[in-house]
Structures are given as C-alpha cells and as structure tokens.
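Values below: all heavy atoms of this structure, side chains included; hydrogens, waters and symmetry mates excluded.
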There are 2 protein chains.
Amino acid sequence: MGLAERKERDKAELKELILDAAKKILLKNGQEGLSIRKIATTVEYSPATIYLYFKDKDEILHELMEMGFMLMNKYMVQAFGETDPVKRIHSIGNAYVKFGLENKDWYDLMFNSDKPMKHIEKCMEDWDEGMAMFNFLTITCREAIQQLGLKDLEDRILALQLWSCVHGLVNLAQSERLEIVERNQTKELISKTLDSMLVSIFKK
Amino acid sequence: MGLAERKERDKAELKELILDAAKKILLKNGQEGLSIRKIATTVEYSPATIYLYFKDKDEILHELMEMGFMLMNKYMVQAFGETDPVKRIHSIGNAYVKFGLENKDWYDLMFNSDKPMKHIEKCMEDWDEGMAMFNFLTITCREAIQQLGLKDLEDRILALQLWSCVHGLVNLAQSERLEIVERNQTKELISKTLDSMLVSIFKK
DNA sequence: CAAATATACTAAACAGTGTTTAGTATGTCA
DNA sequence: TGACATACTAAACACTGTTTAGTATATTTG
C-alpha cells in the first residue's frame, strides 16, 4: 500500500520528491496544467502536506525556475568556453534562442512569468541566476567593444539590445505570432534575423 | 429594480454591454482578475447568459484584443503620417514601446496571450490586426532599404529584427526582469537601447 | 381565443483551482 | 504513563470556466 511505501522514503527527501513531481507535470502538461493538487496526488500526499514543505505555489515555481537556469547553463557551455568576445556573443545568442525554442515552459518561468518573481519579492531575495546571465553578457559586450574599438557603444546598452532581440524572437515564436505573420520556416527566419542583428552591430 | 432597468436596454446592445464590462474589469483588475462571473455580475445577468452571446472566454478576449489594436493605432497616427521611411521607423518604434509600457494588459492580450489566438484557430480566422501592423513595418523597411541603398538587407528580416527588439524590451520591462537587472531609470534605458539599435542599423 | 412554439434567461451542477483550519494519529521524551 | 511534538489529512472556503435542464415570457399558428 501507499502508506507502507511512503514511510520508507526519507522525510528529508519529500521536498525533493515534490519538486520532481512538479517538474514532471510541468514538462507533461505545461505551466497551465501544473497544480498543487496534481503534485499532491503524484507524490501520494494530501494537498495540505505540500504547504508544510513550501510556503505557496510561487515558491515551487521559483525553485523550478532555478532548475531551468541550470538547464540553460548546459546550453551555454560552448559559449562559456569561447575566448573571442564577438564569437562568444554569437554563441550566447544562438544558445539562448535554441534553449528558448526547445524549452518553452522553462523559458516562460525564467523570463516571463511573474509568479517566481513574486516569491523573490516576498522573500526579499534577488534574481541571481538572471543577473548572472546578464552580467556575463555585459562583460562579453565590454570585451567586444574594446576589441573592436566601438567607443560610442555602452556595454550594458549593447547587452540589453542583444537580450531584448533574442527575448523578443523567442517570445514571438512561442506565442505563435511569428507563425501567423510568416508561415513556415520560422526557425530559419529566426536565425536569419539573429545574424542580421549581429551583422548590423559588429560589421560594416 | 434590475429587472425593469434591464428590459429597457435593447437586446442587441447586451453584447456591447458585456464587452464594456469586460474592458472595465480588464483595466481595473488585469487579465488575471477578469472572469466570466465578474462580467456577469457587472452586467447584472447570470454567468450562463454570457454564453448566449459569446462562444467562450477566448472569444471575449479576442474581441478585447481587437479593441487593443484600435488603441494602438491611436499611438501610431504620427508614424502613419511620416513620409520619410527612416524617420517613420523611429516613430513606429517609439510609439510601439510607449504603447506597450502604458498598456500592459492590452499589450499582453495582443502579443503574448495564447487565448485570443486559440479563438482565431478555432474559427479559422486570421490575426488581421497584427499582420496589418507587421506589413506596415515591412513596407516601411523596404522603403528605407531602397532610400539608403542597403542592398544586403531583406525587408521582412529587418522588420522582424525591429519588432523582436521592441517586443523584447516591452516584455522585459513588463515582467520586471529589467528593473531587477538594472534598477531605476528603466525608461531611459529602454529609449537608449532603442536608439542604439536604430543607429546600429541605419548609421555608420 | 387557445394551443404550440420560440425566445431569453437562470439555478444548479460539474470539475477544477490555491489555500487554510481544525483535528487525528503516531512517536518521543520526561 | 502522561505530556508534548511531529506528520499528516479531511473538509471547507472562495474562487474559476462551462454545461444542462428547466422556467417564465412572448410570439406565432391553428
């Protein structure tokens, strides 16, 4: 029976089990289909028990967001290893878009949803993972500006320019606005646009 | 009483009343706070009555989306009147961002939410208003490319490059990612980034 | 005029949602 | 053995979108 099996599971592991269940449901049903009650039935506990391990749903979504950033880092390993700053920017851009297109639900949690942010606000925490990403991009921009002697460019403005472009592309693709405006080959369209933007900044 | 008052209202006007109520609730409580039941109590009918005038909630959100595009057009009048294509691109960009920042809920419905799009899919309709906007931008890009002799730029790629940048900026601002990464003066940051992008494309 | 039909509307239910409260077993310690 | 803490849950609260069956009222037809 469920009771006997559950007792075997270490008490401290339940938090991890809940997050595992949440992750599974997120991947299978999306953020809309992720509910406390579904998590509860998956781990074979009552919904109220979930609240003994997490303050509220926002906290669970925040933890999932952090998992999403770990997954994104895997997409970035090549970029992290790139020494040439301009090449690194290319690598970051491609990895970012690739991650966004392949992991809609994770991406949404990390860069669109306000629920993980509400938890950050409530607990007076910071958006560490997102800031780390942006700082890495900003530093890379600074290096690229120095190397190419683009003295009239500001690192954080350039970083934001790059970020907003890839963020916009991913969101337009995910909200199905792109497919409707330009049917078929949206992936090719995205990579062309990304290239065009990088060319407009660094070449000419 | 409610009954007497209601009878006076023309039957054909109820659909408009429902949309008016929906609009009010959207502006006051946001998309999260907009429910069929709240609309029903506002217009003093039962929730079931709403479904005699609209197929489902998605249809109501779709109609609100169309209202949003009408509002956006008001922000675009100056751009529509601009004859110089490069200046027109500047004008469109500024109007787009201004609209996005000032009308979060409308913007979300128009460019992020999948619910109005679900209705479009169900009814085999098109995203006419969005396509019209993108076509206008694409035509302007074509004119700018011709005028400046930028023969290695493709109009629809350039249009998408511009769109994704402003869309990204608006979304980053609205999801509070910008404020966390760069505290204070986010508005100035956005206008600087917008300028920087336009400079990188059209000057140098 | 009376009966049949069509219109406009609603009460109640269904199946969900996040969250809280009060209470129940079980285990530990004095 | 009694007191207390821990782990958990049933049930409720206040919501959500949507559907179904039924009720008045109005209109049309025989």
Side-chain angles (χ1 to χ4, degrees), chain A residues 1-19 21-22 25-26 28-64 109 113-119 122-123, chain B residues 1-19 21-22 25-26 28-64 109 113-119 122-123:
Chain A
M1 261 300 290
L3 198 136
E5 285 163 17
R6 269 158 32 197
K7 286 238 170 170
E8 291 162 22
R9 305 198 285 245
D10 192 351
K11 188 182 71 181
E13 280 175 9
L14 184 47
K15 194 161 183 170
E16 218 56 49
L17 276 172
I18 291 169
L19 288 174
I25 296 165
L26 178 75
K28 197 163 270 179
N29 305 97
Q31 208 186 141
E32 290 271 84
L34 175 60
S35 74
I36 297 285
R37 294 170 127 99
K38 277 181 194 162
I39 296 171
T41 57
T42 302
V43 294
E44 293 172 87
Y45 284 84
S46 85
T49 301
I50 309 294
Y51 289 86
L52 300 175
Y53 294 84
F54 296 94
K55 206 187 148 290
D56 53 21
K57 197 185 175 185
D58 291 348
E59 188 179 351
I60 294 174
L61 292 176
H62 179 260
E63 299 247 19
L64 288 174
L109 236 32
S113 177
D114 57 332
K115 279 154 195 163
M117 298 319 251
K118 267 187 198 163
H119 178 259
K122 271 179 282 188
C123 302
Chain B
M1 266 295 291
L3 198 136
E5 288 165 13
R6 269 158 33 196
K7 286 236 169 173
E8 290 162 23
R9 305 199 285 244
D10 193 350
K11 188 182 69 180
E13 280 175 9
L14 183 48
K15 193 160 183 169
E16 219 56 49
L17 275 173
I18 291 168
L19 287 175
I25 296 165
L26 178 75
K28 196 162 273 177
N29 305 96
Q31 209 188 138
E32 290 271 85
L34 174 61
S35 74
I36 297 285
R37 295 171 126 99
K38 276 182 195 161
I39 296 171
T41 56
T42 302
V43 294
E44 291 172 90
Y45 284 83
S46 85
T49 302
I50 309 293
Y51 289 87
L52 301 173
Y53 294 84
F54 295 93
K55 204 188 151 293
D56 53 20
K57 197 185 175 185
D58 290 348
E59 187 178 350
I60 294 174
L61 292 176
H62 179 259
E63 300 247 17
L64 288 174
L109 236 31
S113 176
D114 57 333
K115 279 155 193 164
M117 299 317 251
K118 267 187 197 164
H119 178 259
K122 273 180 278 189
C123 303

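Remark on DNA chain C: of its neighbouring residues A:Ile36 and B:Ala48, the 5'-side contact belongs to B:Ala48, judged by nearest-heavy-atom nucleotide.
Within the 4.0 Å cut-off from OP1 or OP2 of C:dC9, not a single side-chain nitrogen or oxygen of B:Thr49 is found. Taking side-chain N and O atoms only, A:Ser46 has no distance below 4.0 Å to OP1 or OP2 of D:dC8. Listed pair B:Tyr45 / C:dA8 fails the phosphate criterion, with no side-chain N or O lying under 4.0 Å from OP1 or OP2.
The CG-C1' distance, from A:Asp56 to C:dT17, rounds to 14 Å in whole Å. To the nearest angstrom, C1' of D:dC8 lies 9 Å from OH of A:Tyr53. C:dT20 atom P lies 11 Å from atom CG of A:Leu52, rounded to whole Å. Counting to the nearest Å, the C1' atom of D:dT16 and the CG atom of B:Asn29 are 14 Å from each other. B:Lys15 places its NZ atom 13 Å from the P atom of C:dA8, with the value rounded to the nearest Å. At whole-Å resolution of the value, OH in B:Tyr51 and P in C:dT10 are 15 Å apart. In this entry the distance linking CD1 of A:Ile50 with P of C:dT17 reads 13 Å, nearest Å. The CD atom of B:Gln31 sits 15 Å away from the P atom of D:dT16 (whole-angstrom rounding).
Atom NZ of A:Lys122 has more than 12 neighbouring heavy atoms from other residues, nucleotides or ligands inside a 6.0 Å radius.
In terms of modelled atom types and a separation under 3.5 Å, the side chain of B:Asp56 and the main chain of B:Glu59 share a donor-acceptor contact. Side-chain atoms of A:Lys55 do not come within 3.5 Å of backbone N or O of A:His119 as any donor-acceptor pair. Of the possible polar contacts, one joining the B:Lys38 side chain to the B:Gly33 backbone as a donor-acceptor pair under 3.5 Å is found.
Closest approach to the B:Leu14 side chain among D:dA10, C:dC9, C:dG18 is made by C:dC9 (side chain taken as heavy atoms from C-beta onward). When each of C:dT17, C:dT10, C:dT19 is scored by its nearest atom to the side-chain atoms of A:Lys38, the top-ranked nucleotide is C:dT17.
Counting heavy atoms from C-beta on, the side chains of B:Ile39 and B:Leu34 come closer than 4.5 Å.
A:Leu34 comes within 4.0 angstrom of the backbone, heavy atoms only, and of no base.
No hydrogens or angles were tested; on distance alone, nothing pairs the side chain of A:Arg37 with the base of C:dG16 as donor and acceptor under 3.5 Å.
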